[in-house]
Protein chains: 2
Amino acid sequence: MDATVKRKARSPKSARPPPLLAVEPVQESDGAHLELRIWLRLLSCATRIEKALNARLRKEFNTTLARFDLLAQLARKPEGASMSEVSDLLMVSNGAITALVQKLEADGLIHREVSSEDRRTFRLRLSQDGAKEFGRMARRHEEWVIALIGELSPVAQSDLLQHLTLLKRRLDKYT
Amino acid sequence: MDATVKRKARSPKSARPPPLLAVEPVQESDGAHLELRIWLRLLSCATRIEKALNARLRKEFNTTLARFDLLAQLARKPEGASMSEVSDLLMVSNGAITALVQKLEADGLIHREVSSEDRRTFRLRLSQDGAKEFGRMARRHEEWVIALIGELSPVAQSDLLQHLTLLKRRLDKYT
DNA sequence: CGATAATGGTTCATAATTGAAATATTATTG
DNA sequence: CAATAATATTTCAATTATGAACCATTATCG
């Protein structure tokens, strides 16, 4: 689905611009710029994986990717983190974080204590229960991700990671 | 932001599993599985780009990526498409498509005619106005995407596309 | 010090998305 | 042909995210 739809070769109104690189095998080479096609693929891969993970988190743990991601961020910060830190990390609005945190706290998965130095801010930490529950989820989550991506050869994976890392760096500068 | 947070090397409780490939230069190698890191990068790149595009579409054309994507799908299908086809293409629920289509039709950007053979389905097509407006947006959209991704070398781009295509194929089978 | 700015969070109205139930039409099959 | 299943779409309640206005606290600096 998505951009991979087979196209019945339409009226060849005007010759397509030659492909920049004639590497790709099957692919609908749409004549579109490489960048555009990368973006479409990227988006479609990401949404696919995201939906799969979300569905499974829902079914197996009755939770969402947003909650899981928040827990994951806290899990890697034993010092704790403030609301806005988390908001930045997850690239999610402050308002959303407030709601998320409220629920997670109500469920006893995280603690929230007012910072002693700055009474505007909170320090969020994983609770014991939170850490345990996150552990369970993280294991399954990892299995799922490995199942989804793991069929790529180690070399392909390593390449892909490098390219994505490069792209991310550019985006960091540019956005 | 995101997974790029620097980590102060914590208590090295147990030796980390050796990296599968010792290729990556700077990167916070978290000891996490390659697949997990790919997924995190992928997600963060995708959301970054998505947010950037959405913001610009909003500012410059007062529209959204969802609307734009729907128009784009119709633009590449002069024969038209049904609601569910579009719903599949965009990986968006049927309900959402109904709403989207209603607005786009109200704005005069698309036509919607009942199919003659099957009176359950509609054929959606770009209207004249829709095609023109889409053209304008598409040009800008492409510029933005090129600006965001185009700093990668052509080789890197081509590689990236190939890997994403590979990944997408696996996902197609798996999901 | 005291005024003003900046920062951290919350609230709230708005918008978008989902999934399930409902409706209408077409297909199947006994 | 009638009953039942399958398909295409709509409706609707529930969930979630966004961004702007707002409150409280801390920083800045004249």
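Chain naming here is simple, since letters A, B, ... match the order of the sequence lines and numbering starts at 1 in each. Below, all heavy atoms of this structure are taken into account, side chains as well, without hydrogens, waters or symmetry copies.
- In this structure, Glu50(A) places its CD atom 13 Å from C1' of dT16(D), rounding to the nearest Å.
- Residue Arg112(A) has no polar side-chain atom (N or O) positioned under 4.0 Å from OP1 or OP2 of dG8(C).
- The side chain of Ser84(B) contributes an N or O atom lying less than 4.0 Å from OP1 or OP2 of dT9(D).
- Distance check: Leu42(B) CG to Ile38(B) CD1 gives 8.5 Å after rounding to the nearest 0.5 Å.
- Out of dT10(D), dT17(C), dA17(D), the shortest distance to the side chain of Ala66(A) is found at dA17(D).
- Close to dA16(C), at under 4.0 Å from its OP1 or OP2, lies a side-chain N or O of Lys103(B).
- Checking the phosphate oxygens (OP1, OP2) of dT11(D), a side-chain nitrogen or oxygen of Gln102(B) falls inside 4.0 Å.
- For Arg140(B), the side-chain hydrogen bond (donor to acceptor under 3.5 Å, both in side chains) test picks out Glu60(B), Glu143(B), with sequence neighbours left out.
- A straight line from CG of Leu65(A) to P of dT18(C) spans 14 Å, rounded to a whole angstrom.
- Taking atom CG of residue Leu90(B) and atom C1' of nucleotide dT18(C), one finds them 15 Å apart after rounding to whole Å.
- Here the P atom of nucleotide dT16(D) and the CZ atom of Arg58(A) are 6 Å apart, to the nearest Å.
- For the salt bridge (Lys or Arg N to Asp or Glu O under 4.0 Å) with Glu113(B), the lone residue among Arg123(B), Arg125(B), Arg119(B) that qualifies is Arg125(B).
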Exercise. Show the numbers, then the answer: is there a side-chain contact (heavy atoms from CB on, under 4.5 Å) between Thr63(B) and Arg58(B)?
Key: CA-CA 5 Å; Thr63(B) 191; Arg58(B) 168 87 58 203; over 6 Å; no
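- For Phe68(B) and Phe61(B), the gap between ring centers reaches or exceeds 6.0 Å.
- By the neighbour-count criterion of 12 heavy atoms within 6.0 Å, atom CD of Gln128(A) is sparsely surrounded, having that number or fewer from other residues, nucleotides or ligands.
- Atom CD1 in Ile97(B) sits about 15 Å away from atom C1' in dG19(C), given to the nearest Å.
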Are any protein N/O atoms closer than 3.5 Å to N/O atoms in nucleotides 18-20 of chain D? If there are, list each pair with its distance.
{"unit_1": "dT18(D)", "atom_1": "OP1", "unit_2": "Lys51(B)", "atom_2": "NZ", "d": "2.9"}
{"unit_1": "dT18(D)", "atom_1": "OP2", "unit_2": "Ser93(A)", "atom_2": "N", "d": "2.9"}
{"unit_1": "dT18(D)", "atom_1": "OP2", "unit_2": "Ser93(A)", "atom_2": "OG", "d": "3.3"}

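- Checked against dT9(D), dT16(D), dG8(C), the side chain of Thr121(B) finds its nearest nucleotide in dT9(D).
- Put simply, CG on Asn54(A) is 15 Å from P on dT17(C), counting in whole angstrom units.
- Whole-Å rounding puts the Leu70(B) CG to dA16(C) C1' distance at 14 Å.
- Put simply, OG on Ser82(B) and CZ on Arg112(B) are 11.5 Å apart, with the number rounded to the nearest 0.5 Å.
- In this entry the distance linking CG of Asp88(A) with C1' of dT7(C) reads 12 Å, nearest Å.
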Identify the pairs formed between an N or O of the protein and an N or O of nucleotides 25-28 of chain C at a distance under 3.5 Å, and give each distance.
{"unit_1": "dT25(C)", "atom_1": "O2", "unit_2": "Arg120(B)", "atom_2": "NH1", "d": "3.1"}
{"unit_1": "dT26(C)", "atom_1": "OP1", "unit_2": "Arg119(B)", "atom_2": "N", "d": "2.9"}
{"unit_1": "dT26(C)", "atom_1": "OP2", "unit_2": "Arg119(B)", "atom_2": "NH2", "d": "3.2"}

